[in-house]
Amino acid sequence: MTDIDEQGRPLPPETGGETETLLGFLDFQRATLAWKCAGLDAAGLAAALPTSTMTLGGMLKHLAYVEQWWFSQWLAGRSPEAPWDTVDWSADADWDWHSAADDTPEQIRTLWEDCVARSRELTAAALAEGGLDTLSRRADAAGRAPSLRWILFHMVEEYARHVGHADLIRESVDGLTGE
């Protein structure tokens, strides 16, 4: 049974194996981001700190993109899905961040939640197929394919980095603080 903290986040297991620990920390970071963005309207999701253009809405959309990039495109070898399949990344390399201002809070949250759910499904399939050593179906130009282990560690790092940003932005919106 998973322990849940006062913000509704699943606590990573203290005695789990490598897979359970990695997945536990990734889910904890995902839940922390969801908590930091919960209950905010469009203005709250569009708020930025004075020295940055980074917003919580942009962060959610960016992390939705990162989820589909690493789990759908790299791990599973799939083609980009909507809305990513029509983006001209050469025209705007930060489209995921910028375009969030055109979306409603419900659209952004749904996109992120759907991408996370798909990532969990693809992770479960890869674990069943070959465990953490499963190599991605996509490889870089040198022919190197990251393992599921590498992807999961990278995603923990990606979320932890942005959750730190989310702490600052959310506090500036309505004073909400907490780890």
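Reckoned from all heavy atoms, side chains included, excluding hydrogens, waters and symmetry mates. Everything numeric here is computed off the predicted structure, so don't read it as measured data.
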Go through it in stages, so that I can follow the logic: the residues are Arg118 and Arg78, the test is side-chain contact (heavy atoms from CB on, under 4.5 Å), and I'd like the CA-CA distance, side-chain angles, deciding distance and then a yes or no. CA-CA 12 Å; Arg118 190 173 309 106; Arg78 295 181 177 178; 3.8 Å; yes
Taking all non-hydrogen atoms of both residues, which atom of [X] and which atom of [Y] are closest, and how far apart?
X      : Y      : answer
Ser172 : Ile169 : OG-O, 2.7 Å
Pro80  : Asp85  : O-CB, 3.5 Å
Leu148 : Gly131 : CD2-O, 3.9 Å
Ala31  : Pro10  : CB-CD, 3.7 Å
Ala47  : Val173 : CB-CG2, 3.5 Å
Pro83  : Leu111 : CD-CD1, 3.8 Å

Stepwise, does the side-chain contact (heavy atoms from CB on, under 4.5 Å) test hold for Leu127 with Thr19? CA-CA 9 Å; Leu127 286 168; Thr19 300; 3.7 Å; yes
Between [Y] and [X], is there a side-chain heavy-atom distance shorter than 4.5 Å?
X     : Y      : result
Ser99 : Asp92  : no
His62 : Glu158 : yes
Leu22 : Leu132 : yes
Asp88 : Trp95  : no
Trp84 : Trp89  : yes
Leu23 : Leu152 : yes
Trp74 : Asp140 : yes
Glu81 : Ser72  : yes

Scan for salt bridge (Lys or Arg N to Asp or Glu O under 4.0 Å) pairs involving residues 57-72, sequence neighbours excluded, and state none if there are none. Arg30-Glu67, Lys61-Asp103
Only pairs at least two apart or in different chains count here, so list each salt bridge (Lys or Arg N to Asp or Glu O under 4.0 Å) that has a residue in residues 12-25. Glu18-Arg149
Should the pair Trp150 and His154 be assigned to parallel (<30°), tilted (30 to 60°) or perpendicular (>60°) ring geometry? parallel
For the side chain of Arg109 and the backbone of Cys37, is there at least one donor-acceptor N/O pair under 3.5 Å apart? yes
[atom1]/[X] to [atom2]/[Y] distance, rounded to the nearest 0.5 angstrom?
X      : Y      : atom1 : atom2 : result
Gln29  : Arg161 : CD    : CZ    : 13.0 Å
Leu26  : Glu157 : CG    : CD    : 11.5 Å
Asp167 : Leu33  : CG    : CG    : 10.0 Å
His162 : Leu56  : NE2   : CG    : 11.5 Å
Leu49  : Met54  : CG    : CE    : 9.0 Å
Ile108 : Leu40  : CD1   : CG    : 11.0 Å

Trace of the side-chain contact (heavy atoms from CB on, under 4.5 Å) decision for Thr110 with Gln107: CA-CA 5 Å; Thr110 299; Gln107 289 171 320; 6.0 Å; no
Hey, any chance [X] and [Y] share a hydrophobic cluster, counting ILVMFWY side chains that come within less than 4.5 Å of each other, even indirectly?
X      : Y      : result
Leu176 : Leu60  : no
Phe25  : Ile4   : no
Leu168 : Trp97  : yes
Trp35  : Val163 : no
Phe28  : Trp112 : no

Aromatic Trp70 / basic Arg138 pairing, under 6.0 angstrom, 45° off normal: no
I'd like to know if Arg9 and Asp27 make a salt bridge, using a cut-off of under 4.0 Å between side-chain N and carboxylate O. no
So Glu129 and Arg137, salt bridge (charged side-chain N to carboxylate O under 4.0 Å, His left out) or not? Walk me through it. CA-CA 12 Å; Glu129 178 185 310; Arg137 291 197 168 101; 3.2 Å; yes
Would you sort out whether Tyr65 and Gln68 count as a side-chain contact (heavy atoms from CB on, under 4.5 Å), showing the intermediate values? CA-CA 5 Å; Tyr65 173 65; Gln68 78 80 40; 3.3 Å; yes
